[in-house]
Amino acid sequence: MIPVTKSYEPHIEDYFEFVQNIFESGWYTNRGNHVKLLEKSILNKLSIDDSQIVCMNNGTTPLQIALKLLGKGGDIITTPFSYVATTSSIVWENCTPIFVDIHPEYLTIDERKIESAITSNTTCILATHVFGNPCNVEEIEQIAKKHNLSVIYDAAHCFGVKYKGKSIFEYGNVSTCSFHATKLFHSGEGGAAFCNNKELFHKIFYSHNFGHFGNEDFYGLGINGKMSEFHAALGLTVLKDIDQIISSRKESVEIYQRKLNLAKISLLKIRNHSEWNYGYFPVIFESESTLKKTQKELNKRNIFPRRYFYPSLSNLPYIETDRDLNIAEDISRRILCLPLYYQMKRSDIYTICEIINSNL
Ligand SMILES: *Cc1c(COP(=O)(O)O)cnc(C)c1O
């Protein structure tokens with residue numbers, strides 16, 4: 001079976017070494033040495049100097065905390081082309097998603113369409129660097145400044161991505177990442193918030209730990225978003241291998257790019273000045289029927305690509321919108337993520353490309 005992705009399997013001996021430390025210390029959670037070391041190691045690995053990080057239990061909690069602090073129950077300008085967590089977090093925090101259509105090639109929110117969606121109820125822009133492809137962060141920052149809005153980036157797909165030489169996590173008021181097992185860098189379950197404003201970071205930090213200030217006092221409202229020592233240990237084990245993980249995926253992507261019939265299929269256009277992480281390999285078919293036919297043929301051969309992201313989030317059962325989202329609706333019907341994981345067999349990629357090309 002060839003699945004759309006496989007979780008990276010780190011060296012179990014390395015993990016056991018960390019676990020042994022955890023048992024010896026008797027400190028299983030509540031920000032022990034492993035969580036702190038993971039935070040430090042991530043900043044170090046990504047050469048992040050100006051932002052602070054707090055690791056959390058998953059990639060959704062930091063989104064919710066950011067929305068609680070910055071969204072303030074208002075309208076949030078967001079993308080319909082992302083994983084459900086982007087939209088569900090907005091609704092969960094009693095905010096209202098205002099969908100803005102996506103760019104037809106970059107697939108990120110179309111910054112040219114943001115301003116006309118802003119009203120006096122708008123508090124925030126929550127945009128996704130979808131498949132690790134950076135949004136137009138400069139333009140979005142300009143718009144946010146002009147209208148006094150906050151910017152949150154769902155950077156769940158972005159571990160290792162750089163834009164203009166800087167980690168993509170350093171952009172926006174808050175940037176969040178997911179370390180879920182299906183993501184490029186993972187800790188089983190896990191995630192993080194990145195923030196370059198000391199005051200806001202402080203709020204995020206206490207929000208993820210019940211609002212604690214010492215044992216008896218509280219800074220404010222909080223929930224339990226803490227990462228455990230065991231998850232941090234798994235993260236530390238995977239982090240050691242992150243360069244190999246990215247370079248192995250890069251090799252696979254380059255084979256796909258060489259072998260697919262690009263006259264009949266289009267690929268994600270990566271924004272200029274970006275260093276991409278090869279986290280996903282989406283292809284866009286000419287029609288939904290070609291996609292379905294191809295998917296069926298691949299499934300017959302035990303190959304299981306996934307329709308990411310389908311349907312468009314504006315179709316969620318708890319969403320009502322009459323906004324014009326033609327491009328997102330259209331792309332979501334024609335896009336398929338092909339299998340991509342660490343040390344994927346070359347011959348499997350050849351097979352996949354042959355099947356796809358012969359069905360175009
Ligand atoms: C995976 C993902 C999330 C959620 O992360 P979890 O760690 O699973 O909570 C949020 N947004 C996007 C775009 C994702 O792909």
Side-chain angles (χ1 to χ4, degrees), residues 3-8 35 38 42 53-68 71 76-93 95 97 99-100 102 106-109 124-135 151-161 168-169 171-172 174-194 204 208 223-228 230-232 234-235 238 268 276-282 306-314 316 328 331-332 335 337 340-341:
V4 69
T5 194
K6 283 185 197 174
S7 299
Y8 178 71
V35 167
L38 179 62
I42 290 172
I53 177 178
V54 52
C55 282
M56 298 198 201
N57 55 348
N58 58 49
T60 305
T61 307
L63 273 180
Q64 288 176 209
I65 290 176
L67 284 162
K68 169 98 55 199
I76 315 292
I77 306 265
T78 192
T79 173
F81 191 70
S82 181
Y83 182 59
V84 63
T86 316
T87 300
S88 64
S89 300
I90 295 174
V91 178
W92 195 262
E93 293 305 329
C95 297
F99 293 103
V100 166
I102 59 170
Y106 298 122
L107 310 186
T108 48
I109 194 167
C124 235
I125 300 169
L126 167 54
T128 302
H129 303 302
V130 74
F131 304 127
N133 195 22
C135 297
V151 180
I152 304 169
Y153 284 116
D154 182 340
H157 301 165
C158 293
F159 201 92
V161 172
I168 195 71
F169 297 146
Y171 294 86
V174 182
S175 181
T176 66
C177 190
S178 166
F179 308 154
H180 185 258
T182 54
K183 306 295 205 278
L184 180 106
F185 165 74
H186 78 86
S187 60
E189 289 274 6
F194 297 82
I204 295 169
H208 104 293
I223 58 170
N224 181 1
K226 295 189 303 305
M227 175 182 269
S228 83
F230 294 96
H231 291 90
L234 188 55
V238 174
L268 176 66
W276 191 39
N277 65 0
Y278 307 88
Y280 297 82
F281 193 69
R306 279 280 296 271
R307 295 187 75 177
Y308 287 146
F309 289 99
Y310 175 84
S312 156
L313 296 172
S314 50
L316 284 166
I331 295 280
S332 66
I335 194 164
C337 277
L340 180 62
Y341 42 84

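Whatever order the structure lists them in is the order used to number ligands and atoms, beginning at 1. Note that the coordinates shown come from a computational prediction; the quantities given were computed from them, not determined experimentally.
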Measure from every N or O atom of ligand 1 to the protein's N or O atoms and keep only the pairs below 3.5 Å, writing each with atom names and distance to 0.1 Å.
from, atom 1, to, atom 2, distance (Å)
ligand 1, 5 (O), Ser178, OG, 3.2
ligand 1, 7 (O), Gly59, N, 2.8
ligand 1, 7 (O), Ser178, OG, 2.7
ligand 1, 9 (O), Gly59, N, 3.2
ligand 1, 9 (O), Thr60, N, 3.1
ligand 1, 9 (O), Thr60, OG1, 2.5
ligand 1, 11 (N), Asp154, OD1, 3.3
ligand 1, 11 (N), Asp154, OD2, 2.7
ligand 1, 15 (O), His157, NE2, 2.7
ligand 1, 15 (O), Lys183, NZ, 3.2

Phe179-Phe185 aromatic ring centre distance below 6.0 Å: yes
May I ask you to check whether His186 and Tyr8 place their ring centres under 6.0 Å from each other? no
Tell me, please, which residues at least two apart from [X] pass side-chain hydrogen bond (donor to acceptor under 3.5 Å, both in side chains).
{"X": "His231", "answer": "Ser228"}
{"X": "Glu189", "answer": "none"}
{"X": "Thr128", "answer": "Ser82"}

Leu126 side chain reached by Ile77 side chain, heavy atoms, under 4.5 Å: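 A side-chain contact under 4.5 Å is absent here.
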